[in-house]
There are 2 protein chains.
Amino acid sequence: MNNPKQETKLKVRPACESCGVRALCLPVSLDGEALSLMDDLVKRRAPLKKGDYLFRTGDKFKSLFAIQYGSMKSYGLTIDGKEQVTGFHLTGEVLGMDAIDEDVHHCNAVALEKTEICELPFSALEHLQNEVPSLQHDLNCIMSREIRRDHHMLLMLGSTTVEQRMARFLLNLYERLQKRGAENNILNLSMTRQDIGNYLGVAFETVSRQLAHMQDEGILEIKNRNIHLLDVDRLEAIAG
Amino acid sequence: MNNPKQETKLKVRPACESCGVRALCLPVSLDGEALSLMDDLVKRRAPLKKGDYLFRTGDKFKSLFAIQYGSMKSYGLTIDGKEQVTGFHLTGEVLGMDAIDEDVHHCNAVALEKTEICELPFSALEHLQNEVPSLQHDLNCIMSREIRRDHHMLLMLGSTTVEQRMARFLLNLYERLQKRGAENNILNLSMTRQDIGNYLGVAFETVSRQLAHMQDEGILEIKNRNIHLLDVDRLEAIAG
DNA sequence: CGGGGGGTTGATACATGTCAAGCGATGTGG
DNA sequence: CCACATCGCTTGACATGTATCAACCCCCCG
């Protein structure tokens with residue numbers, strides 16, 4: 001196993017394993033003092049159970065939230081009341097950045113499994129920015145990453161064939177997990193087929209069929225919600 | 001000629017009409033001194049002609065770009081070399097924020113018509129953030145807006161029916177123009193049907209047919225690339 | 001005037017949505 | 001601990017929407 005991507009594990013201070021800095025996956029531009037200031041800033045929270053909400057549309061924005069462990073989905077409601085999934089969020093990712101501008105959350109964020117969250121009160125974070133200039137750049141980077149992630153998603157959804165969308169979806173998850181240091185090719189989907197279908201803009205039966213088809217082709221292996229990627233290259237070829 | 005774009009107005013200091021601050025649509029939290037610092041920062045550029053590139057994938061990131069007048073599209077290339085449109089950008093919007101993190105542009109940005117651009121060197125901008133704390137918050141807000149805009153797009157593309165996607169696409173453009181002060185219901189599409197189809201993940205013939213169908217229904221009126229929205233309510237009902 | 005790109009429209013094949021039935025896993029209460 | 005209910009998932013049959021191929025028109029530009 002000499003996968004280069006495994007090397008891209010996050011270089012964060014081991015001393016700070018469970019704090020917000022780690023969760024934020026900040027580049028390590030902060031010195032010891034700044035780190036302890038960050039630590040003071042972070043609010044602990046009881047872990048979310050599956051189905052618990054972190055915030056809802058219309059909630060006042062107070063904090064950013066970093067996922068320390070677990071996964072979440074965010075969704076909005078259409079006028080006729082239907083759920084529209086806008087994203088899945090994995091360990092190490094940050095939620096709530098779309099609310100900074102108008103001070104109000106614009107989507108619902110719900111836990112897909114037991115999930116531990118780090119709360120970062122935003123006013124304190126902005127205040128700390130003044131004292132720690134490098135934090136400014138870090139925050140800019142985090143938001144930039146989120147924007148790029150979203151653009152990547154848009155690119156993903158813009159294909160006409162469902163096969164491509166599925167492939168891109170799976171590869172996207174795969175890459176995100178690799179970045180976090182996953183050491184095998186197994187995707188442990190925490191969301192339902194319905195959620196995936198909703199997200200990709202296809203019927204959930206089609207998701208099921210596409211996965212089955214890819215399994216027939218030997219590209220992957222399905223065990224309930226565990227998907228073992230057998231042939232990443234071919235998946236990439238499909239994704240285009 | 002009563003082109004809506006000519007009416008476009010932003011609520012910023014009139015003294016600063018053609019500078020970067022105006023283009024950025026910053027909340028007016030800056031005082032006179034800060035404004036003049038911003039002005040010094042901004043680089044003028046010759047206007048882009050239709051088809052000119054602002055940046056390309058792989059270009060080193062140096063500046064953010066604010067559109068003062070005109071429109072652009074951004075796109076990436078799939079492995080097999082096909083264009084994949086990731087977004088359209090109108091007057092007053094900012095490009096390049098996805099490049100902050102890795103210092104490299106991740107998409108191509110090309111002008112869809114004659115377009116005037118304001119260049120904001122990013123290192124200078126971050127430096128100015130130190131001296132003008134409120135600018136920090138403003139920049140956070142701008143990036144937050146971009147993130148929310150992208151989420152909105154994701155929401156848009158996640159519907160199974162093409163009719164919904166078209167409706168959401170049109171409404172999205174409509175809202176963005178309204179925000180900039182447009183005073184009628186005419187969308188002046190600067191992109192081709194191909195671009196729209198590519199962006200929405202449908203064949204361009206389908207775009208054409210959907211528009212024709214909506215015209216038959218009396219929802220809108222098509223005159224080449226000018227689309228007159230006659231019944232916004234119904235469009236919203238379709239969008240769901 | 002001619003050429004070319006963009007746009008519309010039509011015919012056809014095919015992929016995907018929809019409806020329906022059944023299976024499997026999971027969790028709950030007796 | 002088991003039985004049951006529920007939810008999620010798979011698979012099949014069918015109808016429909018959309019991609020594809022093709023012809024043609026229109027408008028802009030050289």
Side-chain angles (χ1 to χ4, degrees), chain A residues 49-52 71 73 82-85 88 110 112-114 157-167 169-170 187-217 220-228 238 240, chain B residues 49-51 71 73 82-85 88 110-114 157-167 169-170 187-217 220-228 238 240:
Chain A
K49 292 190 301 293
K50 178 177 172 178
D52 283 350
S71 57
K73 81 170 174 187
K82 284 182 189 162
E83 206 175 298
Q84 186 71 255
V85 176
F88 301 110
V110 60
L112 293 169
E113 58 191 318
K114 185 182 168 219
L157 293 177
S159 61
T160 56
T161 76
V162 175
E163 193 183 25
Q164 272 194 354
R165 282 189 227 175
M166 267 307 299
F169 171 74
L170 292 173
L187 305 180
N188 207 322
L189 303 183
S190 56
M191 71 292 288
T192 66
R193 303 280 195 268
Q194 288 233 31
D195 286 336
I196 297 172
N198 184 309
Y199 180 59
L200 296 181
V202 299
F204 71 92
E205 295 96 328
T206 304
V207 172
S208 196
R209 273 187 256 266
Q210 284 292 341
L211 285 174
H213 181 247
M214 286 176 172
Q215 182 169 237
D216 292 346
E217 297 279 313
L220 47 78
E221 201 172 13
I222 309 169
K223 280 183 201 147
N224 300 321
R225 290 197 180 175
N226 288 344
I227 301 217
H228 189 171
I238 293 171
Chain B
K49 292 189 302 293
K50 177 178 173 179
S71 56
K73 81 169 174 188
K82 284 182 190 163
E83 207 175 298
Q84 187 69 255
V85 177
F88 301 110
V110 60
L112 293 169
E113 58 191 318
K114 185 184 167 219
L157 292 177
S159 61
T160 56
T161 77
V162 175
E163 195 184 23
Q164 272 194 352
R165 282 190 226 175
M166 267 307 299
F169 171 74
L170 293 173
L187 305 180
N188 206 322
L189 303 182
S190 55
M191 69 291 287
T192 67
R193 304 281 195 266
Q194 288 233 33
D195 286 335
I196 298 173
N198 184 309
Y199 180 59
L200 296 180
V202 299
F204 70 91
E205 295 96 327
T206 305
V207 172
S208 196
R209 273 187 256 266
Q210 284 292 340
L211 286 174
H213 181 246
M214 285 177 173
Q215 181 169 237
D216 292 346
E217 296 278 314
L220 48 76
E221 201 172 13
I222 310 170
K223 280 182 202 148
N224 301 320
R225 291 198 181 175
N226 288 344
I227 300 214
H228 190 171
I238 292 171

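A note on names: the letters A, B, ... follow the listed sequences, proteins ahead of strands, and every chain is numbered from 1.
In plain terms, the two heavy atoms of Asn224(B) and Ile222(B) that are nearest each other are O-CG2, 3.5 Å.
Put simply, CD1 on Ile196(B) is 11 Å from C1' on dG7(C), counting in whole angstrom units. At whole-Å resolution of the value, CG in Asn198(A) and C1' in dT16(C) are 16 Å apart. Put simply, CD on Glu221(B) is 14 Å from P on dT8(C), counting in whole angstrom units. Computed from coordinates, the Gln164(A) CD to dA15(C) P distance equals 14 Å when rounded to whole Å. Between the CZ atom of Arg165(A) and the C1' atom of dG17(C) there is a distance of 13 Å, given to the nearest Å.
Counting heavy atoms from C-beta outward, Leu211(A) and Arg193(A) have side chains that approach closer than 4.5 Å. The side-chain heavy atoms of Glu163(B) and His213(B), taken from C-beta on, include a pair separated by under 4.5 Å. The closest side-chain heavy-atom distance from Leu170(B) to Leu187(B) is below 4.5 Å. Residues Glu221(A) and Gln215(A) have side chains in contact (heavy-atom distance under 4.5 Å, counting atoms from C-beta outward). Contact annotation: the side chain of Ile196(A) approaches that of Leu189(A) to within less than 4.5 Å [non-hydrogen atoms, C-beta and beyond]. Met166(A) has its side chain within reach of Gln210(A): a pair of non-hydrogen atoms, C-beta onward, lies under 4.5 Å apart.
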What are the atom names and distances for every N/O pair under 3.5 Å that joins the protein to nucleotides 21-23 of chain C?
none

Inset, instruction - Let me have a per-nucleotide readout for nucleotides 9-26 of chain D, 5' to 3', with B, S or -, counting only protein heavy atoms under 4.0 Å. - result: SBBBB----SSBB-----
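Between the CG atom of Leu157(A) and the CZ atom of Phe169(A) there is a distance of 10.0 Å, given to the nearest 0.5 Å. Remark: Asn198(A) CG to Met191(A) CE distance equals 12.0 Å, nearest 0.5 Å. For the atom pair CG of Asn188(A) and CD of Glu113(A), the computed distance is 7.5 Å after rounding to the nearest 0.5 Å.
If one axis is set at each end of the helix from dC1(C)-dG30(D) to dG30(C)-dC1(D) from five pairs, those axes are 40° apart, to 10°.
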Inset, instruction - Assess whether side-chain contact (heavy atoms from CB on, under 4.5 Å) is satisfied between Gln194(B) and Glu83(B), documenting all intermediate values. - result: CA-CA 11 Å; Gln194(B) 288 233 33; Glu83(B) 207 175 298; over 6 Å; no
